[in-house]
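These numbers come from the heavy atoms of this one structure, side chains and all, not from hydrogens, waters or symmetry mates. Residue numbers start at 1 and run along the sequence shown.
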Amino acid sequence: MPLPNFEKANYPELHVMHFGYEIEGGFDYDLFALRDDDGDYINEHFRHDGSVGVCCADCEDGEIASPKFRIDRLRQFRTFVSENMPHETNQTCGIHVHASFNNALAYQKCCDVEFYVEFRKAVWCFMHNGLFSPKTVREFEARFNGNYSTYCRDGFNPDRSINVGYRNFETKVSNFDSGRYNCINFEAYRKYGTIECRMFPSSSEEQEVIAMVEFWVNFCNGYLQKVTP
């Protein structure tokens with residue numbers, strides 16, 4: 001019986017299909033004193049959750065959440081960023097970037113530990129390439145090294161994340177029970193069909209936000225193009 005033909009031309013190129021991001025962090029209930037007796041904010045154009053303040057009319061809980069963008073709609077994404085920048089952020093606030101794919105095989109490829117190893121190397125170089133302010137780099141380094149951030153820890157356990165409640169797999173570099181709060185969150189796939197990067201600190205600089213979101217998209221695409229069968 002002849003062996004099957006696994007030529008690359010017979011398989012679709014794996015790539016990111018959609019992406020989006022959130023700017024969010026932990027809550028500080030002391031700041032809710034600015035609400036009136038009915039529980040509404042006194043200033044309806046300001047929302048604050050302790051880590052990020054947003055000037056807008058209808059935003060919820062002081063967080064910024066983008067719509068889902070197609071990979072070929074970068075102009076729409078950049079326009080959204082420019083129109084929805086945070087008023088202020090602190091060191092607990094992060095930019096969480098989601099990416100979905102054109103094929104379930106892409107998700108499987110990203111579950112390889114090599115994806116995580118390459119990401120850690122690439123993101124460190126990216127954040128030290130001179131594009132970012134000293135404050136942003138300092139907060140990134142703290143997150144990268146696991147200092148003061150409990151929501152983007154170093155660890156890699158996609159099997160446990162995707163099979164929560166069914167199996168109990170561990171990988172050799174996993175050091176945290178919850179896959180959601182690792183710097184790459186594979187648990188998001190069950191709910192949103194995405195892989196979420198939680199590594200980046202927030203920023204009040206438009207170009208820094210754009211660069212960090214696009215880095216995650218480009219990194220995923222670059223890796224998938226390399227490992228497409």
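- Of all heavy-atom pairs between Ser66 and Gly20, the closest is OG-CA, 3.4 Å.
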(request) Please step through side chain to side chain contact (heavy atoms under 4.5 Å, CB included) for the pair Phe126 and Asn129, ending with a clear verdict. (result) CA-CA 5 Å; Phe126 167 69; Asn129 64 6; 3.8 Å; yes
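- For His15 and Phe101, the gap between ring centers reaches or exceeds 6.0 Å.
- Side-chain contact annotation: Thr136 with Ser133, donor-acceptor N/O pair under 3.5 Å present.
- No side-chain heavy atom of Ile95 sits under 4.5 Å from any side-chain heavy atom of Glu208.
- With sequence neighbours excluded, no residue forms a side chain to side chain donor-acceptor pair (under 3.5 Å) with Ser204.
- Closest heavy-atom contact between Leu105 and Leu14: CG-CD1, 4.0 Å.
- Two different hydrophobic clusters hold Phe77 and Tyr192 under the rule that ILVMFWY side chains link at heavy-atom gaps under 4.5 Å.
- Below 30°, between 30° and 60°, or above 60°: for Phe69 and Phe19 the angle between ring planes is between 30° and 60°, a tilted geometry.
- Contact check for Val209 versus Met85: side-chain heavy atoms found under the 4.5 Å cut-off.
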(request) Test side chain to side chain contact (heavy atoms under 4.5 Å, CB included) on Glu205 and Lys135 and set out the steps. (result) CA-CA 11 Å; Glu205 298 294 328; Lys135 174 181 178 293; over 6 Å; no
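- The closest side-chain heavy-atom distance from His128 to Val137 is below 4.5 Å.
- Using a 4.5 Å cut-off on side-chain heavy atoms (C-beta onward), Phe132 and Met212 make contact.
- Side chain of Asn102 to backbone of Glu13: a donor-acceptor contact under 3.5 angstrom is found.
- Ion pairing between a basic and an acidic side chain is recognised when a charged N comes within 4.0 Å of a carboxylate O; Glu196 and Arg198 show such pairing.
- When atom types are taken as modelled, the side chain of Thr194 and the backbone of Tyr189 share no donor-acceptor pair closer than 3.5 angstrom.
- Glu114 is listed as a side-chain neighbour of Tyr223, based on a closest heavy-atom distance under 4.5 Å.
- Residue Phe80 places its CZ atom among more than 12 non-hydrogen atoms of other residues, nucleotides or ligands, all under 6.0 Å distant.
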(message) Assess the residue pair Glu206 and Arg78 against the criterion (salt bridge (Lys or Arg N to Asp or Glu O under 4.0 Å)); give the C-alpha distance rounded to whole Å, side-chain angles, the decisive distance to 0.1 Å, and a yes or no.
(response) CA-CA 9 Å; Glu206 175 184 335; Arg78 293 171 182 172; over 6 Å; no
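- Here CE of Met127 is found 11.5 Å from CZ of Arg138. Values are rounded to the nearest 0.5 Å.
- Contact of the His98 side chain with the Glu22 side chain is registered, since non-hydrogen atoms from C-beta on lie closer than 4.5 Å.
- Taking the six-membered ring for Trp and the full ring otherwise, Phe119 and Phe219 have centroids separated by under 6.0 Å.
- Under the 4.5 Å side-chain criterion, counting only non-hydrogen atoms from C-beta, Trp216 is in contact with Ile184.
- At distances below 3.5 Å, not a single donor-acceptor pair connects side-chain atoms of Asp112 with backbone N or O atoms of Lys109.
- Lys68 is linked by a salt bridge (Lys or Arg N to Asp or Glu O under 4.0 Å) to nothing, counting only residues two or more places apart in sequence or in another chain.
- Following chains of ILVMFWY side-chain contacts shorter than 4.5 Å, one cannot reach Val217 starting from Met17, and the two form parts of different hydrophobic clusters.
- Note that CD1 of Ile210 and CG of Leu131 are 12.0 Å apart. Values are rounded to the nearest 0.5 Å.
- The shortest non-hydrogen separation linking Ala106 to Leu224 is O-CD2, 3.6 Å.
- For the pair Ala99 and Val16, the tightest heavy-atom approach, listed with the atom from each and the gap, is CB-CG1, 4.1 Å.
- Note: Lys121 NZ to Glu118 CD = 7.5 Å, rounded to the nearest 0.5 Å.
- Here the side chains of Val213 and Phe200 are not in contact, with every heavy-atom distance at 4.5 Å or above.
- Asn185 places a side-chain N or O within donor-acceptor distance of the main-chain N or O of Glu187, the cut-off being under 3.5 Å.
- When all heavy atoms of Ile23 and Ser202 are compared, the pair lying nearest together is CG2-OG, 3.3 Å.
- For Arg143 against Cys93, the heavy-atom pair with the smallest separation is NH1-O, 3.5 Å.
- Ring-plane geometry between Phe144 and Trp124 is classed as tilted, the angle between the planes lying from 30 to 60 degrees on a 0 to 90 degree scale.
- Remark: Ser100 OG to Ile195 CD1 distance equals 10.0 Å, nearest 0.5 Å.
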(request) Could you check Phe115 against Cys220 for side chain to side chain contact (heavy atoms under 4.5 Å, CB included), going step by step and ending with a plain yes or no? (result) CA-CA 9 Å; Phe115 174 80; Cys220 290; 4.2 Å; yes
